[in-house]
Number of protein chains: 2
Amino acid sequence: MLYPTLKIVIADDHSLIRQGLRLSLETQVTKHVFEADNGADALKLIQFNKPDVAILDVEMPVITGYEVALKTLEKNTDTKIIFLTMYKDDSMFNKAMDLGVKGYVLKENTVTEIMHCLEAVIQGNQYVSPAIEELLNKRNSKSQNDSQLSINLENLTVAEKNIIKLLSMMKTSQEIADELNISIKTVQNHRNNICGKLGLTGAHALLKFAIEHAELIQ
Amino acid sequence: MLYPTLKIVIADDHSLIRQGLRLSLETQVTKHVFEADNGADALKLIQFNKPDVAILDVEMPVITGYEVALKTLEKNTDTKIIFLTMYKDDSMFNKAMDLGVKGYVLKENTVTEIMHCLEAVIQGNQYVSPAIEELLNKRNSKSQNDSQLSINLENLTVAEKNIIKLLSMMKTSQEIADELNISIKTVQNHRNNICGKLGLTGAHALLKFAIEHAELIQ
DNA sequence: ATTTTTATAGGTACTTGTACCCAGATCGGA
DNA sequence: TCCGATCTGGGTACAAGTACCTATAAAAAT
């Protein structure tokens, strides 16, 4: 690492990840590391310390990393933003790129990759996880089953995603209707529309699909 | 830390967490740390190295930490299992306790807490994240329910076990009837009898039960 | 040898989910 | 402004699962 006097803010609600990153950064010569376990504190740390780089977890409670980045980049500071995320969510990736986020790294990537990302970003370049680039290529080629499945999943409307999420928790249409304060007929219609979009037919096909793909549904 | 010659397996699909944990463990005197980024490798590492403790992420792709724990504890090894998880999922917590998992720590907890957990587990105690200790209390207060559940599962007849196994594969009564060359009415009667024995009532209760407990059904 | 359990099969009623149909309200883009 | 997508609700029909019955033959337990 070529920049011994870097100031870096780390924001992640998982203490484990913060401490892992801090330990890794401190085995390099970087010394000024600030930690936050939520978006609000991260924002304060960034505004007060004006770090060179802020490494933000996208999925944080209350104030997400995305919102922190939005408010930070809005204020025209020199702080570069690196997003750290669990999921290969291409819609979030696109939003991040639109915002002007310089780095995008998956948590499944190694610490050394984050170091590469850090170096690239400090030198004024962009750095994107190879795994994400691969995803983008797959999406463009539209070849595999899984990618087509996720395309179909993304074709669902907000209400439909809401329904399928509750379905994956094994709730009945009546329970969903009560929870959302809508008619059971509306829920059934959404279910039927989802079946159409996903190409599902037959007995309890959607329920089975939702349970089988529960992890993929957010 | 009182145990300098511990062997520990760490399994998590997020490299960051693995490296954070490894660095933390190695600032202690523990030296033999093995890493896996998926359940299959974790299982191999455990079977080959027979570690004192395996720290498993519950949410891993393909083979989950839960399945790794299931197969490890099945084989009567001395390896203690610690679950590391993102969510305060009480159903998973209960399943983990049923299995004989010794430690249960949330990723939002600090590394020092994991160290406490490690010490407790090595000394033969259980350690549960304070955040979900309230769930443990709930569980102890109504423990008679769970023990009745497993008794009831063993009370199922051969035909009934056969049926519930096929049910956990999300097959319909008609499909099961065809597969076993019996009437669909027989299948439906068995289903109903199973519902009675397990105390299940309501919409698709048995289907949901079979899917939720698919791993426990052989 | 008699009783009990199990596996088999049927009947009937009700609930839930799937498969179509329809239509009004709202909101954003062409 | 109009069109299309979305969200909302309703109707009808059928399939599948649950709930509760009865019943017979074979196997197991007593």
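In what follows, chains carry the letters A, B, and so on, assigned in the order in which the sequence lines appear, proteins first and then strands, with residues in each chain numbered from 1.
Dashed line: the shortest gap from a side-chain N or O of Thr157(A) to OP1 or OP2 of dA5(D) is not under 4.0 Å.
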Exercise. In the 5'-to-3' direction, what one-character label does each nucleotide of nucleotides 19-30 of chain D receive under the scheme B = base within less than 4.0 Å of a protein heavy atom, S = sugar-phosphate only, - = no such atom?
Worked result: BBB---------
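Lys50(B) contributes no side-chain N or O that, together with a main-chain N or O of Asp78(B), makes up a donor-acceptor pair within less than 3.5 Å. Looking at Asn162(B), its side chain never comes within 3.5 Å of a backbone N or O of Val158(B) through a donor-acceptor pair. Of the possible donor and acceptor atoms, one in the side chain of Asn49(B) sits under 3.5 Å from a partner among the backbone N and O of Leu45(B).
In summary, contact between chain B and DNA chain C, defined as any nucleotide atom under 4.0 Å from a heavy atom of the protein, begins and ends at dT6(C) to dG17(C) in the 5' to 3' direction.
Atom-to-atom distance recorded for Ile55(B):CD1 and Ile82(B):CD1 is 5.0 Å, nearest 0.5 angstrom. How far OG1 of Thr157(A) is from NE2 of His190(A): 6.5 Å, rounded to the nearest 0.5 Å. Of the inter-residue distances, the one linking Leu167(A) atom CG with Glu175(A) atom CD reads 10.5 Å to the nearest 0.5 angstrom. Interatomic distance, CG of Asp13(A) versus CG of Asp57(A), reported as 5.5 Å (0.5 Å rounding). Expressed to the nearest 0.5 Å, how far NZ of Lys197(B) lies from CG of Leu156(B) amounts to 5.5 Å. For the atom pair CD1 (Ile194(B)) and CD1 (Ile164(B)), the distance works out to 5.0 Å, reported to the nearest 0.5 Å.
Regarding Ile163(B), its CD1 atom lies at a distance of 12 Å from the P atom of dG17(D), rounded to whole Å. Asn193(A) has its CG atom 12 Å from the P atom of dT8(D), to the nearest Å. Note: CD1 (Ile194(A)) to C1' (dC7(D)) measures 13 Å, nearest angstrom. Here dT6(D) presents its P atom at 10 Å from CG of Leu156(A), a figure rounded to the nearest Å. Whole-Å rounding puts the Ile164(B) CD1 to dT18(D) P distance at 11 Å. Distance Met170(B) CE to dG17(D) P: 13 Å, rounded to the nearest Å. One can place CG of Leu167(B) at 12 Å from C1' of dT18(D), the figure rounded to the nearest angstrom.
Proximity of residues 171-184 of chain A to DNA chain C (heavy atom under 4.0 angstrom from any strand atom) is restricted to Thr172(A), Ser173(A).
Between His204(B) and His204(A), the two ring planes are perpendicular [angle over 60°; tilted spans 30° to 60°].
Side-chain contact check for Gln188(B) and Asn192(B): no donor-acceptor pair (N or O, by modelled atom type) lies under 3.5 Å.
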